[in-house]
Amino acid sequence: MDFDDTPDEAAWRAHVRSFLEHHRGEHDAARAWQATLYEAGFVGVTWPVEAGGRGGTPMQQAIVDQEMARLGLPSLVNLIGIGMCGPTVIMHGSDRQKERYLQRLLRADDLWCQLFSEPAAGSDLAALRTRAVREPGGDWRVNGQKVWTTLAHLADYGILLTRTDPDVPKHRGLTMFVVDMKAPGVTVRPLRQMNGDAHFNEVFFDDVLVPDAERLGEAGDGWRVALTTLMSERLSLGGGGTSIGPKPEAVARHVAEHLGALSADRQALARQELGRGYVAALGARYTGYRQLSKLSRGELPGPEASAGKLSGTRSARDLTDLAVRVLGADARVAATGDGDRTWPTMQAVLPGMAIAGGSDQVLRNIIGERVLGLPAEPRTDKGVSFKESLHEL
Amino acid sequence: MDFDDTPDEAAWRAHVRSFLEHHRGEHDAARAWQATLYEAGFVGVTWPVEAGGRGGTPMQQAIVDQEMARLGLPSLVNLIGIGMCGPTVIMHGSDRQKERYLQRLLRADDLWCQLFSEPAAGSDLAALRTRAVREPGGDWRVNGQKVWTTLAHLADYGILLTRTDPDVPKHRGLTMFVVDMKAPGVTVRPLRQMNGDAHFNEVFFDDVLVPDAERLGEAGDGWRVALTTLMSERLSLGGGGTSIGPKPEAVARHVAEHLGALSADRQALARQELGRGYVAALGARYTGYRQLSKLSRGELPGPEASAGKLSGTRSARDLTDLAVRVLGADARVAATGDGDRTWPTMQAVLPGMAIAGGSDQVLRNIIGERVLGLPAEPRTDKGVSFKESLHEL
Amino acid sequence: MNFDLDQEHLDLAGGAREFLAASASPAAARAALEEGAAVRPGRAELVKSGFATITIPESAGGGGGSVLQLAVVAEQAGRVLAGPSLVTFARAAVLLAGDSRLAGLADGSLAVAVADDDGPVLDAIDGDTFLARRDGALVCGPGTVTAREPIDATRGLGDVALGETVVLAADAADRWRRGERVGRTILAAEGLGAAARLLEMGVAYAKQRQAFGRLIGSYQAVKHLLVDVYVEVEQLRSLVWWAAWAADRAPAELPLAAAAAKAAAATTLEHAAEAVIQVHGGIGFTWEHDAHLYWRRAKVDRFLLGDDVAAFDEVARLAMEATR
Amino acid sequence: MNFDLDQEHLDLAGGAREFLAASASPAAARAALEEGAAVRPGRAELVKSGFATITIPESAGGGGGSVLQLAVVAEQAGRVLAGPSLVTFARAAVLLAGDSRLAGLADGSLAVAVADDDGPVLDAIDGDTFLARRDGALVCGPGTVTAREPIDATRGLGDVALGETVVLAADAADRWRRGERVGRTILAAEGLGAAARLLEMGVAYAKQRQAFGRLIGSYQAVKHLLVDVYVEVEQLRSLVWWAAWAADRAPAELPLAAAAAKAAAATTLEHAAEAVIQVHGGIGFTWEHDAHLYWRRAKVDRFLLGDDVAAFDEVARLAMEATR
């Protein structure tokens with residue numbers, strides 16, 4: 001066991017650090033910044049070389065992420081493309097699709113989004129209703145609505161999961177496509193969250209034509225294709241030792257700054273809360289490091305990676321609550337006397353974290369069944385065609 | 001709304017109090033003490049007059065309980081008989097059974113126990129396996145094992161739930177009997193709990209003959225008869241404002257005594273814990289008073305009464321944990337330097353409270369479905385005969 | 001003992017629900033947040049309805065009613081996130097007892113708010129007359145209000161700089177404390193209404209939304225979450241009724257009852273809001289859904305009239321004192 | 001970075017499991033509680049096996065191994081509730097470093113226990129040589145032991161009245177603190193083993209017991225209870241490995257890592273024991289079932305080497321210091 005960089009890792013870190021420090025001023029132009037990093041070999045580190053990547057290790061990618069965070073640099077603009085859409089194209093795309101999309105995605109020449117969730121298909125993703133119907137010419141006509149689509153308003157392309165056969169059980173009638181977000185019939189509407197921001201969108205498909213050449217995988221095989229995407233997503237949420245919500249160090253700094261204004265009793269209570277949240281956050285972080293070590297040995301991310309999101313969401317909530325509380329009387333309003341909105345804003349974002357990317361309840365089912373081997377619940381929808389299931393209740 | 005005794009209640013209370021104060025020295029002889037109280041009209045207050053009771057109100061019974069608790073007197077020895085077995089005989093027994101059993105039960109001439117649970121039938125009580133087979137003469141031969149039977153080692157009689165027809169669905173093949181605990185073939189073995197005490201027993205039935213005249217209700221109607229018993233039990237666990245586990249006042253007194261030995265920080269933490277547990281306990285108590293008020297207006301105890309057990313178990317656990325913690329270094333051992341075992345003992349009893357008399361999980365199902373009206377889970381055992389269900393998994 | 005609402009209370013609750021549901025709503029709370037729209041039903045309507053002035057003696061033009069009656073109304077106000085808070089009226093009625101200004105509170109000519117010593121003041125935004133403590137005395141006067149960016153716009157929180165004040169009572173410690181305790185009781189009643197409404201929303205959604213071929217309310221993970229909220233709400237209801245009854249009939253029990261109700265309201269409403277957002281999934285954390293408006297109420301109310309931590313501490317102190 | 005056990009550690013764990021499973025068990029813990037039977041495997045066997053003396057230098061007759069190695073063994077010891085605790089050996093090895101008595105610890109001729117300033121002492125019952133602090137100095141000597149009625153008999157808790165002592169080091173503050181932190185790490189490793197074993201018991205039962213026509217592990221109420229334990233256990237495992245690694249390789253990280261591991265072990269083992277008793281239903285709170293023996297361990301261990309509250313407080317202080 002060791003936490004030190006290997007000689008190779010240390011050299012890579014020194015290189016990354018020096019490059020970033022030299023170029024850090026350039027990150028404001030988000031697409032150009034990603035292109036700069038791509039040219040430096042820092043984007044898609046783990047992607048295969050033939051896909052435009054570096055063929056590197058998850059540890060090398062983690063080092064890039066750590067060094068970016070150290071300088072307080074923002075995430076890459078095309079993160080969903082890199083983390084989810086790209087890997088799906090790599091695994092299931094045609095040579096033409098790979099050729100056409102992958103390098104441009106890494107350079108942020110094109111931005112990507114992921115079009116899976118629907119109003120009536122949240123946790124039960126496979127219940128989605130967006131229809132793709134085959135035209136006489138072999139292409140597809142898409143109608144329906146997606147929701148919770150990050151970046152849809154800026155994206156050039158999206159990966160789109162549709163129902164192509166409602167007469168078979170719900171997991172078997174799905175097909176995945178690459179869709180041109182500028183195509184006629186695509187409408188994007190921002191969706192405001194409870195904190196007032198609009199990080200997500202609703203996307204409406206109204207007779208949108210998608211060429212059959214943009215199919216990803218076989219018709220009817222969309223669920224298996226989607227699992228590639230979701231497995232990639234799992235790693236980016238609470239995996240690899242990254243924090244969900246605030247960094248615990250940031251909360252500790254904030255509490256330390258405000259502690260002096262509290263009574264001795266309140267200080268003792270605040271330290272208990274900080275200690276509890278901090279231990280949970282450290283536990284999640286070091287468990288992430290164990291996962292990263294496994295990945296670096298070539299093991300696939302298993303369902304146990306979801307544990308990080310489960311506990312990270314909870315400790316983020318508790319730490320943020322403490323951070324709000326130490327504001328004292330200002331905790332009742334949305335900005336402190338100095339106009340600082342950090343903690344009230346964080347507070348209003350967290351309820352969504354226990355839902356987005358797999359709700360706490362669904363993640364517990366997955367871990368219970370796939371990690372602990374506990375029996376599944378009796379399913380009432382097994383073997384029923386999707387169409388029938390709509391009339392069941 | 002008012003919390004005061006009505007004039008009638010006040011008179012009753014004065015009478016109860018004066019009697020108890022006069023006779024308090026006599027409670028050591030448990031059966032004789034119950035007989036004394038019975039003659040005074042304080043036992044079976046709510047039972048009908050023709051059953052040997054007083055035909056009184058739940059509030060009158062509550063006043064007796066309150067006054068007993070005020071003097072620190074122990075519960076009646078035959079409490080299970082009075083609370084569960086007797087009401088079942090009143091509702092479903094023959095005239096001969098009522099005549100023979102009820103008054104002797106109230107006087108504690110006979111002690112009673114309740115024989116429902118089995119090793120393989122805990123939460124799923126209707127899955128019980130103890131068999132009663134009809135003899136040519138019409139009487140019944142019983143074989144099987146019961147468990148968690150309070151007082152079985154002292155009891156003269158028990159109400160016994162058996163399976164008489166394994167070929168129908170499990171709820172339909174049950175029959176209830178009164179069984180003579182001294183009959184040949186009945187063996188009682190004490191069952192030690194985790195704290196080392198043996199409040200419960202295992203009871204084995206080995207070719208025990210039960211006369212058909214001791215049947216309670218129709219053959220095959222045992223489940224409906226058992227529901228009478230269970231509804232009576234509900235009231236006695238956390239209902240009516242009684243505390244589960246320690247009285248919150250006792251914890252407050254104990255904490256107050258030990259607070260001075262703690263650091264200022266620890267005092268602040270202890271007050272938080274006490275406050276939280278105390279509020280939960282008060283919430284449960286006053287909710288119990290609301291139930292009691294309903295009962296006194298003649299309403300039946302509904303499933304919402306179980307909420308008291310659910311929250312009472314939790315607050316009892318939290319308050320007891322605090323009581324243990326304030327012992328300081330003595331919290332590591334089973335008796336303080338002065339030989340006081342109160343809180344470590346209470347600590348070791350509480351895990352059972354979340355299981356006995358309906359586990360937390362089962363109570364939540366009941367409240368969710370019967371109070372909130374949420375849909376039940378799909379049942380896989382509906383309509384299957386008991387015999388088939390044994391081979392299902 | 002008869003610990004339940006009487007028919008008179010049930011009728012009052014029905015009337016209050018009718019008035020408040022017609023004049024306030026989560027939509028109005030959203031508009032207040034979004035566009036700075038006025039809080040509904042607003043002071044004038046609340047006074048006109050008679051509900052806000054229940055605890056003011058008839059001699060001063062009020063309803064001459066009980067704290068329990070006001071608590072029954074406050075539950076209905078909490079259900080629809082009405083403002084300004086009945087807490088403000090209840091406290092002012094206690095503090096102005098015997099003062100000529102009480103008639104102004106009762107007829108709506110004065111817009112009173114009560115300024116605690118710490119930070120943003122409840123219902124300060126449209127207030128013109130502020131009650132405060134100065135060196136143990138109860139003082140009254142105009143003030144300059146600086147609005148604060150709201151989490152829950154219905155609470156009208158603003159910083160108050162008092163202008164010239166007059167002393168209403170030199171030693172007002174007891175009266176101030178009773179005002180706080182009656183205020184905590186009414187605050188808890190508003191929290192009860194909000195939490196009960198959230199629970200209804202969660203239960204209704206769980207009976208209608210399906211996932212994996214079943215209604216989500218049939219899953220234990222969802223069902224038990226809602227049951228835990230139900231248990232908390234019912235216990236809060238008991239504590240609110242107890243505290244209100246104590247305010248009217250058993251002053252010695254009021255300190256403990258009011259602190260317990262305040263603390264339980266803070267935690268119950270917060271748990272209810274978080275659970276019900278979770279039950280709704282994605283739709284639950286959208287701006288257009290009502291859940292976050294109740295969540296906002298929870299996040300603010302827990303810090304009013306002392307926070308939950310202070311209330312639990314007080315409960316513990318009182319409980320220990322009572323054993324001596 | 002490679003944050004995982006190496007093959008060497010896995011082999012060591014396998015050997016330790018084999019030895020400990022043959023020489024200790026919950027049944028032995030029950031016998032110790034019931035009849036005062038000796039704690040298993042006992043000092044002599046533990047020393048003979050070499051596992052207890054891993055962290056003593058070879059020059060003093062020990063294994064010359066790492067704290068991480070001892071932590072790997074301690075997890076196995078925790079699984080079967082072995083005694084005396086490896087915590088006692090680990091702390092003594094730190095405190096006796098450089099002293100001739102270290103060889104006595106290594107060869108089993110001295111039965112050492114470490115007496116903290118407060119209350120009953122871990123593994124005092126069969127100790128003959130006690131290490132303690134006196135006015136900042138590290139002292140050593142015999143003592144009179146008064147056994148205390150046990151909650152968990154495998155912890156050998158007794159009050160110690162020290163006899164005549166000798167001073168081993170006049171200013172022993174740093175050494176004492178390192179002993180505590182290494183001790184907390186090993187205590188957390190034993191807690192990890194106990195919690196992991198509890199989880200196995202709970203999962204196995206949930207896969208085998210049925211109710212209402214289904215295996216109980218298929219109910220979300222049971223499944224999610226066990227998943228929450230799983231998540232806690234895996235995070236505790238990470239913290240234990242980190243703390244042990246820090247004890248060997250990164251002393252600056254040890255204070256935070258050891259406090260975090262200690263605190264997490266206290267809460268995780270307690271949650272695991274309560275959840276697994278609950279999953280077992282009635283059978284889980286019988287004397288004959290093993291669950292309560294682990295529950296007893298949880299109830300005692302949380303108060304050793306400072307309680308969880310103290311450890312959380314220390315984590316907070318260290319975290320805040322690090323931001324300055």
Side-chain angles (χ1 to χ4, degrees), chain A residues 120 122-124 127 169-170 252 255-256 258-280 317-319 321-322 324-326 328 331 359-362 364-365 368-369 372-384 388-393, chain B residues 120 122-124 127 169-170 252 255-256 258-280 317-319 321-322 324-326 328 331 359-362 364-365 368-369 372-384 388-393:
Chain A
S123 291
D124 186 8
K170 62 182 180 181
V255 172
H258 287 76
L259 207 67
L262 305 180
S263 72
D265 281 359
R266 292 297 181 120
Q267 292 189 15
L269 293 168
R271 286 197 308 272
Q272 273 302 296
E273 294 308 310
L274 177 59
R276 284 171 199 272
Y278 210 87
V279 167
R317 189 241 172 250
D318 292 345
L319 285 170
D321 190 57
L322 170 64
V324 168
R325 276 178 186 275
V326 298
S359 74
D360 284 0
Q361 288 73 23
V362 166
R364 286 196 181 96
N365 280 349
E369 289 161 27
L372 300 183
L374 292 169
E377 288 194 276
R379 287 286 287 266
T380 53
D381 58 345
K382 275 268 155 71
V384 177
E388 289 162 346
S389 76
L390 292 181
H391 304 288
E392 239 173 21
L393 287 157
Chain B
S123 290
D124 185 8
K170 62 183 180 180
V255 172
H258 287 75
L259 206 67
L262 305 180
S263 72
D265 281 0
R266 291 299 180 117
Q267 292 189 17
L269 293 168
R271 285 196 308 271
Q272 274 301 296
E273 295 307 311
L274 177 59
R276 285 171 198 272
Y278 210 87
V279 167
R317 189 241 171 252
D318 292 345
L319 285 171
D321 191 59
L322 169 65
V324 169
R325 278 178 186 274
V326 298
S359 74
D360 284 0
Q361 289 73 26
V362 167
R364 287 196 182 96
N365 280 349
E369 290 161 27
L372 300 183
L374 292 168
E377 289 194 276
R379 286 286 287 267
T380 55
D381 59 345
K382 275 267 155 72
V384 177
E388 288 163 347
S389 77
L390 292 180
H391 304 289
E392 237 173 22
L393 288 154

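Residue numbers begin at 1 in each chain, while the letters A, B, ... track the order of the sequences.
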Among residues 271-280 of chain A, which ones touch chain B with a heavy-atom distance under 4.5 Å? A:Arg271, A:Gln272
Side chain to side chain donor-acceptor pair (under 3.5 Å) filter on A:Arg325, not counting sequence neighbours, yields A:Asp321, C:Asp308
Please classify the contact of A:Glu377 with chain B as side chain, backbone, both or neither, using a heavy-atom distance under 4.5 Å. side chain
Measuring from B:Asp265:CG to A:Asp265:CG, what's the distance to the nearest 0.5 Å? 7.5 Å
